[in-house]
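In the text below, chain A, chain B and the rest are named by the order of the sequence lines, each starting its count at 1. Note that this is a predicted model, so its numbers are computed, not measured.
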Amino acid sequence: MLFPSLIQERLAQALLRSGLDIPASFEPSVTAAQDTRFGDYQSNAAMVLAKQLRCNPRETASAIASAFEGGDLCDAPEIAGPGFLNFRLRPAAFSAALAAILTDSRQGVPQASPPRRIVVDFSAPNVAKPMHVGHIRSTIIGDCLARTARFLGHEVTTDNHIGDWGTQFGMILHGWKTLLDAEALEADPVAELLRIYKEINTLCKEDETVRDQCRAELVALQAGDPENLKIWKTCVDLSIAGLGKLYDRLDVSFDHWLGESHYNDRLAPLVEDLIARSVARESEGAICIFFTEHPALAEKPCLIRKADGGFLYATTDLATIDFRIEQWQAEEIWYVVGAPQQLHFQQIFESVRLAAAAGRGPATPPALRHIAHGSILGADRKLMKTRSGDNVQLADVLDEAITRARAVVEEKNPDLPAAEKDEIASIIGIGAVKFAELSQHRMTDYIFSWEKMLALQGDTAPYLQYSSVRIQSIFRKLEGPAPDWTALDPTSFTFQDESETRLLRLLARFAEVVPSVLDDHRPNLLAGYLLELAGAFHAFFAACPVLKAEVSARTSRLALCAATNKVLQTGLGLLGIRVPKRM
RNA sequence: GCACCCGUAGUUCAACGGAUAGAACGGAGGCCUCCGGAGCCUCAGGUAGAGGUUCGAUUCCUCUCGGGUGCACCA
């Protein structure tokens with residue numbers, strides 16, 4: 001049940017009846033009122049129209065209002081301020097929405113129509129180096145967007161485009177051959193790979209000959225040297241196993257792990273084809289795509305083949321797009337990648353456009369979107385460099401989060417079985433880390449802080465989880481089965497307290513909020529909504545007894561509790577956050 | 001040099017061009033022997049600056065100041 005759409009339909013009909021000269025393209029917008037004093041929903045249609053028609057906005061509003069027929073949804077809107085149309089829904093409409101949340105498997109969230117085939121490219125760490133905190137943003141935002149798109153009915157393919165090929169393997173190969181400690185590798189492969197990477201990295205900076213040796217190893221690898229290929233494969237397998245453990249802890253999964261190496265065979269023919277189509281040309285020995293008619297990119301060509309014949313990651317990205325079109329018929333590709341790579345994606349997207357114009361690929365290439373996010377900065381306000389390898393490890397962050405959560409569980413609930421405490425601590429700790437990320441605008445840069453990332457109080461996941469846990473606790477105490485909501489007549493609901501109606505209003509908005517996440521790819525809209533919902537729930541819960549209420553109010557309040565719990569669990573699920581039974 | 005991102009309470013963050021700019025943390029003060037106090041209720045406190053677009057600007061445009069980032073053979 002989507003109130004803005006329902007109101008919008010009636011508003012559109014009112015416009016036709018109003019006698020106003022409505023432009024054909026005009027669509028009235030209806031949004032939730034920001035302040036309940038103004039009603040439940042509002043529209044600025046009269047003001048927008050008045051501007052176009054050059055007439056008085058309040059008179060326009062009045063004409064629309066008197067032509068408006070709300071049926072059993074609401075009465076005619078009130079006119080307020082400069083010409084707002086304010087709608088107040090009938091209590092029965094909210095009761096119906098509540099019933100829908102309780103009985104509908106989608107909590108009233110509409111199915112996307114038409115569904116799109118979307119490839120979500122996120123996380124994409126380089127192998128042979130463990131993930132540090134900087135990787136958390138793409139991983140968690142991407143996972144949330146993929147979950148949300150799926151929930152809305154889109155056909156989603158997630159692909160972890162890992163960095164499993166390229167220059168860094170020259171260093172790793174050289175390090176493997178000269179520095180490897182077999183025992184250490186056995187004990188903790190990822191740590192040992194990191195160690196040799198860091199050591200070689202340092203040596204390279206100091207010593208020219210080491211750098212040359214690394215380069216030679218890389219050339220050998222790319223030329224197909226069997227020994228190097230074998231070592232490379234071993235490294236990749238070990239890294240993937242290590243990454244897998246981390247993703248398991250994060251409850252993040254991918255449909256595919258098609259890394260850069262997967263596209264090696266496509267690179268040379270791709271470049272040849274682009275040359276043949278005059279999309280790319282030689283310049284200073286390299287093969288480049290120039291964007292002459294694009295002012296911002298006029299002096300920023302995209303290199304797709306080096307003078308030495310080697311390929312670059314732009315080449316791989318272009319080949320990857322081909323693959324995703326051929327294999328998955330992608331209609332959209334979302335790249336959840338940090339903002340510093342904006343130029344790169346501009347170049348890639350523009351290259352695809354040029355190639356398509358030159359007859360390469362399908363007539364309508366997929367919509368390509370760079371879903372950029374800000375950076376996590378070190379204490380010095382500088383970027384955490386992916387390459388330096390000495391940043392805070394993601395695994396350490398998760399460990400610490402769980403340790404802290406475990407301590408709180410111990411304090412609050414000492415009598416729980418140890419295994420359950422561990423389980424709860426994991427759910428709470430990981431949830432806190434994820435929510436810290438998802439609750440802020442994705443473009444915001446922030447300085448890494450244990451305190452911020454691991455907070456358990458205030459606007460955090462544990463606050464939301466706690467809300468759900470309290471509701472679950474009520475239903476455990478209920479003694480006897482919960483009401484059968486499908487058999488209940490929604491008109492029997494009664495709500496008097498202001499905290500009840502506020503909660504009800506928010507519950508009904510879930511159906512609006514979930515789709516809005518994908519409008520601009522912003523999980524923080526959902527996170528913010530859930531905080532607001534939980535806040536409204538706690539206020540209600542503090543003000544209104546549920547189990548001890550008299551019978552008529554009791555069922556209605558139980559319904560609010562059940563619906564709140566459903567929305568919290570579904571919403572947190574879309575954020576990739578689980579909810580314990582107790583905490 | 002060209003391009004992109006960001007400047008909001010003491011702090012960390014919100015706010016499809018909408019009405020009196022919201023939270024949280026920190027600070028001050030409260031919460032009945034009642035469903036779990038990871039909670040609830042008060043109070044204090046803010047849009048970097050200057051123009052412009054408009055009925056209306058934190059939001060869009062221009063400039064200034066201040067912070068960050070990216071730009072030819074790494075990924």
Q | Nearest-neighbour nucleotide for the A/Thr167 side chain, B/C40, B/A72, B/A75 considered | A | B/A75
Q. Given the P atoms of B/G7 and B/U47, what is the spacing between them in whole Å?
A. 15 Å
(Q) Let's see if you can work this out: which of B/C73, B/A38, B/C16 has an atom nearest to the side-chain heavy atoms of A/Ser29? (A) B/C16
(Q) Over all strands shown, is A/Asp445 touching base, sugar-phosphate only, or nothing at heavy-atom distances under 4.0 angstrom? (A) sugar-phosphate
Q. Expressed in angstrom and rounded to an integer, what is the separation of A/Gln347 atom CD from B/C2 atom P?
A. 18 Å
Q: Would you indicate which nucleotide in B/G36, B/A72, B/G70 comes nearest to any side-chain atom of A/Tyr466?
A: B/G36
(Q) Any non-hydrogen side-chain atom of A/Leu558 less than 4.5 Å from a side-chain atom of A/Leu478? (A) yes
Q) Which part of the nucleic acid, if any, lies within contact of A/Ala539, taking any heavy atom under 4.0 Å across all strands shown: a base, the sugar-phosphate backbone alone, or nothing? A) sugar-phosphate
Q. In whole angstroms, how far is the P atom of B/A3 from the CD atom of A/Gln341?
A. 21 Å
(Q) Under 4.0 Å, counting only non-hydrogen atoms across every strand here, what does A/Gln465 touch: a base, just sugar-phosphate, or nothing? (A) nothing
Q.
Heavy atoms only, 4.0 Å cut-off, all strands: where does A/Pro340 land among base, sugar-phosphate and nothing?
A. sugar-phosphate
**Q.** Close side-chain approach of A/Leu152 to A/Val517, heavy-atom, < 4.5 Å
**A.** no
Q) Does A/Arg470 put a side-chain nitrogen or oxygen below 4.0 Å from OP1 or OP2 of B/A38? A) no
Q.
Of the options B/U20, B/G36, B/A38, whose atoms approach the side-chain atoms of A/Arg37 most closely?
A. B/U20
Q | Same-atom distance (C1') from B/C71 to B/A75, integer angstrom | A | 15 Å
**Q.** Nearest-Å distance once atom P is located in both B/G22 and B/C35
**A.** 34 Å
Q: For residues A/Ser439 and A/Asp459, determine if any side-chain heavy atom of one lies less than 4.5 Å from a side-chain heavy atom of the other.
A: no
Q: Select base, sugar-phosphate, or nothing to describe what A/His344 touches, counting heavy atoms under 4.0 Å on all strands.
A: nothing
Q | Distance-only donor-acceptor test, A/Ser283 side-chain atoms vs B/A72 base atoms, 3.5 Å | A | yes
**Q.** From B/C13, B/C71, B/C73, nucleotide with atom closest to A/Glu284 side chain
**A.** B/C73
Q) Should B/G56 form a Watson-Crick or G-U wobble pair with both distances under 3.5 Å, which nucleotide is its partner? A) none
Q | Aromatic plane relationship, A/His538 with A/Phe541 - under 30° parallel, 30 to 60° tilted, over 60° perpendicular | A | perpendicular
Q) Is the phosphate of B/G70, meaning OP1 or OP2, less than 4.0 Å from a side-chain N or O of A/Gln342? A) no
Q: Considering only atom C1', compute the distance from B/G46 to B/A23 and round it to an integer number of Å.
A: 13 Å
**Q.** Separation between the C1' atoms of B/C5 and B/U59, rounded to whole Å
**A.** 16 Å
Q: Using both distances under 3.5 Å as the test, list the Watson-Crick or G-U wobble partner of B/G27, or none.
A: B/C43
Q.
Between P on B/A24 and CG on A/Leu438, what's the gap in Å once rounded to a whole number?
A. 20 Å
Q) Base, sugar-phosphate, or nothing: which does A/Asn524 touch, judged by heavy atoms less than 4.0 Å apart? A) sugar-phosphate
Q) Roughly, in whole Å, what's the span from CG in A/Leu530 to C1' in B/A23? A) 14 Å
Q | Heavy-atom donor-acceptor pair, A/Lys300 side-chain to B/C2 base, under 3.5 Å | A | yes
Q: Check every atom of B/C35, B/G18, B/C73 against the side chain of A/Leu312 and return the nucleotide holding the closest atom.
A: B/C73
**Q.** Face-to-face contact A/Phe38 to B/A19 six-ring, under 5.5 Å, under 30°
**A.** yes
(Q) Can you identify which nucleotide, out of B/G18, B/A75, B/C34, has its nearest atom closest to the A/Lys548 side chain? (A) B/C34
Q: Select one nucleotide: of B/A24, B/G36, B/C13, the one nearest the side-chain heavy atoms of A/Thr444.
A: B/C13
Q: State plainly whether the residues A/Asp497 and A/Arg557 are in salt-bridge range, i.e. N to O under 4.0 Å.
A: no
Q. Rounded to whole angstroms, how far apart are CG on A/Asn44 and C1' on B/A57?
A. 14 Å
Q.
Applying a 4.0 Å non-hydrogen cut-off, can you work out what A/Gln346 is touching in the nucleic acid: base, sugar-phosphate, or nothing?
A. nothing
Q | Nucleotide of B/C35, B/G68, B/A19 approaching A/Lys477 most closely (side-chain heavy atoms) | A | B/C35
**Q.** Separation between the P atoms of B/A48 and B/A21, rounded to whole Å
**A.** 15 Å
Q) So does A/Asn86 reach the base of B/A19 with its side chain, donor to acceptor, closer than 3.5 Å? A) yes
Q. Is the phosphate of B/C55, meaning OP1 or OP2, less than 4.0 Å from a side-chain N or O of A/Lys51?
A. no
Q: May I ask you to decide whether A/Glu423 forms a salt bridge with A/Arg578, counting only side-chain N to carboxylate O separations under 4.0 Å?
A: yes
Q) Roughly how many Å is it from CD in A/Glu411 to P in B/G36, rounded to a whole number? A) 18 Å
**Q.** Closest to the A/Ala80 side chain, choosing from B/A19, B/A14, B/C16
**A.** B/A19
Q: Could you work out the separation of B/C16 and B/C73 based on their C1' atoms and round it to a whole Å?
A: 43 Å
(Q) For A/Ile428 and A/Glu299, find the nucleotide of RNA chain B closest to each by heavy atoms; which residue's nucleotide sits nearer the 5' end? (A) A/Ile428
Q: Considering just the side-chain nitrogens and oxygens of A/Ser473, establish if one lies under 4.0 Å of OP1 or OP2 belonging to B/C35.
A: no
Q: Would you tell me if any nitrogen or oxygen in the side chain of A/Tyr463 comes within less than 4.0 Å of OP1 or OP2 on B/G37?
A: no
**Q.** Pi stacking test for A/Phe541 and B/C35: under 5.5 Å apart, planes under 30°
**A.** yes
Q) Step by step, would you call A/Arg266 with A/Phe311 a side-chain contact (heavy atoms from CB on, under 4.5 Å)? A) CA-CA 11 Å; A/Arg266 308 174 75 105; A/Phe311 302 104; over 6 Å; no
Q) Does some side-chain heavy atom of A/Tyr466 sit less than 4.5 Å from a side-chain heavy atom of A/Gln457? A) no
Q: Would you please determine if the base of B/A19 is stacked by A/Phe84, with stacking meaning a centroid separation under 5.5 angstrom and planes under 30 degrees?
A: yes
Q: If B/C65 has a Watson-Crick or G-U wobble mate with both distances under 3.5 Å, name it; if not, just say none.
A: B/G7
Q | Aromatic plane relationship, A/Phe349 with A/Phe345 - under 30° parallel, 30 to 60° tilted, over 60° perpendicular | A | tilted
Q.
Could you tell me how far apart A/Gln42 (CD) and B/A19 (P) are, to the nearest whole angstrom?
A. 8 Å
Q. Expressed in whole Å, how much space separates the P atoms belonging to B/C55 and B/C41?
A. 40 Å
Q: List in chain and number order the residues that pass salt bridge (Lys or Arg N to Asp or Glu O under 4.0 Å) with A/Glu400, two or more places apart in sequence or in another chain; answer none if no residue qualifies.
A: A/Arg404
